Amino acid sequence: MLLGAKNYRKEVTGLMRGKKRELKGLLFVLPSFAGVGIFWLVPFLDVVRRSFFSAVSGEFAGWKNYETIFRNQAFRLAAGNTLHFFVVCIPLLVMLSLLIAVLLTRRKKGIQLLKSMFLLPMAIPVASVVLLWKVLFHDQGLLNHLLSVFSLEGIDWMNTDASFGVLVVSYLWRNLGYDIVLWAAGLGSIPAALYDAARVDGAGEWKCFFFITLPNLLPTMFTIAVLSLLNGFKVFREAYLVAGDYPQDSMYLLQHLFNNWYRDLALDKMAAAAVVTGIVILLLILALKKAWDSEA
């Protein structure tokens, strides 16, 4: 009986301690959750509400605003360019950064210096980056001068379809170092004993990479893909400062459209487009998570 009572008291004490830890955890998360609710969730719900009302009269418009944006040629152009940009840039950035991270982790000397060099673009102010792009990609810029040295015809980079390539290069150059550091952290968490055991069994470098490295990097890959998707929207700063409100068609993104609608106070169309964009981003992230979970 005494033994049973002691065990019962231990269980009760353990449960009370567990509840206290849960309470402390909730109190720790509560300020962040309140901040997200006040500064993100509530404003977004207000945007959803505005998307069903007219900006001029304030009357209930139903689905009219959504029908308007899907019929709008500028919205279709911006949405198509933004989707094209992500389809091209995200796989390219993920694969290129992984390749460089693997090569860097094989080096024993100077790895910190190389990581710092790749992170340097993130430390450069946007205004300086814009000046660099103008010097490089102007019609009379350094790149066209280099082409003329080899007797090649110059390209009007900012006023032709080549402007999309400028946007891709800007995004890769700006975000490559950040993803390399994330990949390097993921690679460093893989136990070296796994590679040693695989090599003892006769596995080569490619087999180690495909059967050990990639499966252990799936959680890191999901994080990098999501962050790369979110960081892709930041490329608008360079695009706007280089080419203005109305750049060449292949460079016209959703952020340009939102900026122009905001200037024209078309808040109803802007709200509807923001809701659609948010839903698409959420679905993409959920699809990525499901794909990664199925592979894990």
Side-chain angles (χ1 to χ4, degrees), residues 77-107 114-124 126 129-130 132-133 136-137 143 155 157-158 160-187 205-206 209-210 213-243 247-256 277 280-281 283-292 295:
L77 174 65
N81 286 341
T82 303
L83 181 61
H84 182 207
F85 175 78
F86 285 136
V87 168
V88 171
C89 287
I90 292 180
L92 192 59
L93 176 63
V94 170
M95 290 187 292
L96 186 60
S97 60
L98 175 59
L99 175 62
I100 296 175
V102 170
L103 294 176
L104 284 179
T105 52
R106 292 178 181 274
R107 292 180 58 91
L114 290 173
K115 286 182 180 179
S116 300
M117 290 176 60
F118 280 108
L119 284 173
L120 184 62
M122 297 188 66
I124 300 177
V126 176
V129 175
V130 169
L132 175 63
W133 290 154
L136 283 176
F137 297 108
L143 195 54
I155 301 173
W157 296 96
M158 302 308 301
T160 60
D161 289 341
S163 60
F164 181 80
V166 175
L167 205 62
V168 172
V169 170
S170 175
Y171 172 77
L172 294 177
W173 180 76
R174 190 83 172 178
N175 295 279
L176 188 62
Y178 183 62
D179 284 5
I180 288 173
V181 171
L182 294 178
W183 280 124
L187 289 167
E205 293 297 329
W206 285 108
F209 178 77
F210 283 108
T213 304
L214 284 183
N216 283 278
L217 286 179
L218 285 179
T220 305
M221 189 178 297
F222 172 73
T223 302
I224 291 175
V226 172
L227 291 176
S228 300
L229 175 66
L230 299 179
N231 287 332
F233 288 98
K234 298 179 182 179
V235 77
F236 165 72
R237 298 175 299 179
E238 289 88 345
Y240 177 78
L241 292 174
V242 169
Q248 203 273 339
D249 284 352
S250 62
M251 203 176 180
Y252 191 73
L253 302 175
L254 280 173
Q255 294 94 323
H256 289 96
T277 304
V280 171
I281 293 174
L283 292 177
L284 286 175
I285 293 175
L286 292 177
L288 283 172
K289 188 176 187 307
K290 185 176 180 179
W292 262 263
E295 291 290 335

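Just so it is clear, the model here is predicted, and its values are computed rather than measured. Numbering starts at 1 and runs along the sequence shown.
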Between the CG atom in L93 and the CD1 atom in I224, the distance rounded to the nearest 0.5 Å is 8.5 Å
Across all chains, not counting sequence neighbours, the side-chain contact (heavy atoms from CB on, under 4.5 Å) partners of L83 are V87
| field | Y171 side-chain N/O to F86 backbone N/O, donor-acceptor pair under 3.5 Å | value | no
Between L92 and V88 the two heavy atoms that sit nearest each other are CB-O, 3.3 Å
If we ignore hydrogens and angles and just use 3.5 Å, is the side chain of T82 paired with the main-chain N or O of A78 as donor and acceptor? yes
Closest non-hydrogen contact found for S163 with S250 is OG-OG, 3.0 Å
Rounding to 0.5 Å, atoms CG (L218) and OG1 (T213) come to a distance of 11.5 Å
Mind checking whether N81 and M251 have side chains closer than 4.5 Å, heavy atoms only? no
d(L187 CG, T220 OG1) to nearest 0.5 Å is 8.0 Å
### Message
Do M158 and V166 have side chains that approach each other closer than 4.5 Å (heavy atoms only, starting at C-beta)?
### Response
yes
dist F236:CZ -> L167:CG (nearest 0.5 Å) comes out at 11.0 Å
Point to revise | Close side-chain approach of N231 to R174, heavy-atom, < 4.5 Å | key: no
What one should report as the nearest heavy-atom pair of W173 and W133 is CE3-CZ2, 4.0 Å
- [ ] Decide yes or no for L98 and L214: does some side-chain heavy atom of the first lie under 4.5 Å from some side-chain heavy atom of the second?
- [x] yes
Value for CD1 (I285) from CG (L230), rounded to nearest 0.5 Å, stands at 5.5 Å
Rounded to the nearest 0.5 Å, the OG1 atom of T277 sits from the CZ atom of F233 at a distance of 6.5 Å
H256 and Y252 aromatic ring geometry - parallel, tilted or perpendicular at 30°/60° bounds: parallel
Name the orientation class of the two ring planes belonging to W206 and F210 (parallel below 30°, tilted from 30 to 60°, perpendicular beyond 60°).
parallel
Those residues at least two apart in sequence (or on a different chain) that pass side-chain contact (heavy atoms from CB on, under 4.5 Å) with S97 are L176, D179, I180, W183
* Within 6.0 Å of OH in Y178, more than 12 heavy atoms from elsewhere -> no
Those residues at least two apart in sequence (or on a different chain) that pass side-chain contact (heavy atoms from CB on, under 4.5 Å) with D249 are L77
